[in-house]
Amino acid sequence: MYEQVTLDYATNALEPYIDQTTIETHHGKHHATYTKNFNDMVEKAGLVGKTVEEILANLPVVPDATIRQGLRNQGGGYYNHNLYFEMFSPNPTKAPTGKLADAINAQFGSLEACIEEISKLAAAQFGSGWAWLSTDKDGKLYVSNSLNQDNPISEGTGHTPLIALDVWEHAYYLKYKNLRPDYIKAFWEVLDWKKVEERYEKLL
Ligand SMILES: [Fe+2]
């Protein structure tokens, strides 16, 4: 059974950056549905017992095209939103320290440049999708964006996302309407770099 992450903050705690109704709908409805559908799909595929990471990293071995696409969509939706909701805090640490800070400075020049690169990809993503900060198989940081619920785990062995920026309209439309760039700016206001850093250090 794949469990949806529970929020460790109140649904109104990210106001005014991410509003209560959006959190309630996004986590309570959209993410809950991805979670239920993913559980159903895994059972249908006969993959019970595999981790979501194993499933997403090995999609090409699923022989049935409909089931493969279902696992990609629902598994991505389940995994991506777990990461998304886990990384917020009403009292976020605004910058990483330690090894993550060093890696970001080495790769992008500065934290501001890193945020700028991810934000540009998020704004440029046509239609529904995500922007990412991830590590590749050599542990090197990189940024990317993806369509629908696709994620870096499916790109190649050993890719691990650290930050997931949801740019589906359901993530921002109730508050920000068509102003996706304003939502992207708000995202960084509640992203807790301490949580990102903890995730990164577990990979080392
Ligand atoms: Fe979403």
Side-chain angles (χ1 to χ4, degrees), residues 2-42 51-53 55-57 59 69-90 92 115 118-134 143-155 159-193 195-196 199:
Y2 303 88
E3 302 282 351
Q4 183 183 10
V5 74
T6 52
L7 304 178
D8 66 0
Y9 44 85
T11 53
N12 65 353
L14 306 180
E15 298 263 10
Y17 302 107
I18 302 181
D19 61 290
Q20 181 171 8
T21 308
T22 295
I23 291 287
E24 285 173 354
T25 313
H26 198 183
H27 181 265
K29 307 286 183 193
H30 291 283
H31 190 198
T33 302
Y34 283 120
T35 304
K36 185 193 178 305
N37 289 347
F38 180 54
N39 275 286
D40 293 347
M41 191 59 70
V42 170
T51 66
V52 60
E53 289 88 346
I55 291 171
L56 293 175
L59 289 171
Q69 190 60 41
L71 289 168
R72 182 175 176 165
N73 294 342
Q74 307 301 336
Y78 166 71
Y79 178 95
N80 300 349
H81 288 96
N82 267 359
L83 180 57
Y84 177 81
F85 287 114
E86 264 175 352
M87 293 294 154
F88 291 132
S89 168
I115 288 172
I118 299 167
S119 299
K120 271 189 192 162
L121 289 173
Q125 172 60 42
F126 185 75
S128 298
W130 294 75
W132 305 93
L133 176 69
S134 309
V143 296
S144 63
N145 54 359
S146 68
L147 190 61
N148 298 327
Q149 294 296 352
D150 291 351
N151 83 38
I153 294 176
S154 303
E155 287 168 14
H159 291 207
T160 306
L162 298 173
I163 291 175
L165 202 180
D166 190 345
V167 291
W168 282 59
E169 285 183 348
H170 67 223
Y172 62 88
Y173 214 82
L174 292 175
K175 180 176 173 72
Y176 293 96
K177 304 293 187 284
N178 58 316
L179 302 176
R180 187 192 282 183
D182 288 357
Y183 155 72
I184 293 169
K185 271 186 214 146
F187 171 89
W188 298 111
E189 296 293 334
V190 283
L191 180 85
D192 192 344
W193 280 97
K195 293 180 177 177
V196 182
R199 183 172 170 85

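As the structure lists them, so they are numbered: ligands from 1, and atoms in each ligand from 1.
Around the Fe ion (ligand 1), the protein contributes the following N, O or S atoms at distances under 2.8 Å: H26 NE2, H81 NE2, D166 OD2, H170 NE2.
Here Q74 pairs with Y34, N37, F38 under the side chain to side chain contact (heavy atoms under 4.5 Å, CB included) rule; sequence neighbours left out. With sequence neighbours left out, A13 forms a side chain to side chain contact (heavy atoms under 4.5 Å, CB included) with Y9, A10, P90. Every residue meeting the side chain to side chain contact (heavy atoms under 4.5 Å, CB included) condition with A186, not counting sequence neighbours, appears here in chain and number order: Y17, Y176.
With no hydrogens or angles considered, no side-chain donor-acceptor pair links N82 and E86 at under 3.5 Å.
Ring-plane geometry between F85 and H26 is classed as perpendicular, the angle between the planes exceeding 60 degrees on a 0 to 90 degree scale with a lower cut at 30. Using cut-offs of 30° and 60° for the angle between ring planes, the H170 and W168 rings count as parallel.
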